[in-house]
Amino acid sequence: MKIKKLLDMQGATMNDVVRIMTYTTDVRFFQDALKCRAEAFGSAPIPASTLLVVSQLAWPNMAIEVDVTAMLAK
């Protein structure tokens, strides 16, 4: 919901997303991340995506972080 809200503030939608970077501290969260991504995009096309397993994220209890890049026409 945070990503959709930020996209909306820029006049963009999930259809404008061109790249997703997902960071997780445990590869076992991969299936959960895929489920969330599918729910978030609905009928929009899934853009290029990368999953990286890292030792830790910004906050001690974070398990997944998602970085999204969107492009809008001028």
Side-chain angles (χ1 to χ4, degrees):
M1 296 310 297
K2 288 181 182 180
I3 291 170
K4 287 182 180 181
K5 182 178 178 180
L6 291 168
L7 288 169
D8 185 56
M9 290 171 57
Q10 299 301 318
T13 69
M14 296 301 273
N15 286 308
D16 298 307
V17 175
V18 296
R19 181 182 64 96
I20 304 171
M21 294 286 292
T22 304
Y23 303 89
T24 183
T25 56
D26 190 328
V27 73
R28 291 176 290 183
F29 295 127
F30 178 62
Q31 293 301 320
D32 292 330
L34 288 179
K35 181 181 173 186
C36 290
R37 183 182 72 180
E39 288 175 12
F41 277 88
S43 63
I46 302 293
S49 304
T50 301
L51 174 81
L52 296 172
V53 179
V54 297
S55 61
Q56 67 183 47
L57 295 166
W59 301 103
N61 294 323
M62 283 180 66
I64 296 177
E65 181 174 334
V66 180
D67 176 20
V68 172
T69 302
M71 292 183 69
L72 293 173
K74 277 191 164 183

Apply side chain to side chain contact (heavy atoms under 4.5 Å, CB included) to [X] and list each qualifying residue two or more places apart in sequence or on a separate chain.
| X | answer |
| --- | --- |
| Asp67 | Arg19, Met21, Tyr23 |
| Asn61 | none |
| Ser43 | none |
| Leu34 | Phe30, Gln31, Arg37 |

Within 6.0 Å of CD in Gln56, more than 12 heavy atoms from elsewhere: no

Going by side-chain heavy atoms closer than 4.5 Å, which hydrophobic residues are tied to [X], directly or by a chain of links?
| X | value |
| --- | --- |
| Leu72 | none |
| Val27 | Val53 |
| Val68 | Ile3, Leu7, Met14, Val17, Ile20, Phe29, Phe41, Ile46, Ile64, Val66 |
| Leu6 | Met9 |

Tell me, which pairs form a salt bridge (charged side-chain N to carboxylate O under 4.0 Å, His left out) where one or both residues lie in [range], sequence neighbours left out?
| range | result |
| --- | --- |
| residues 42-57 | none |
| residues 45-64 | none |
| residues 3-15 | none |

Listed partners of Asp26 passing salt bridge (charged side-chain N to carboxylate O under 4.0 Å, His left out), at least two apart: Arg28

Residue pair Asp16 / Gly11: nearest heavy atoms and the distance that separates them: OD2-O, 4.5 Å

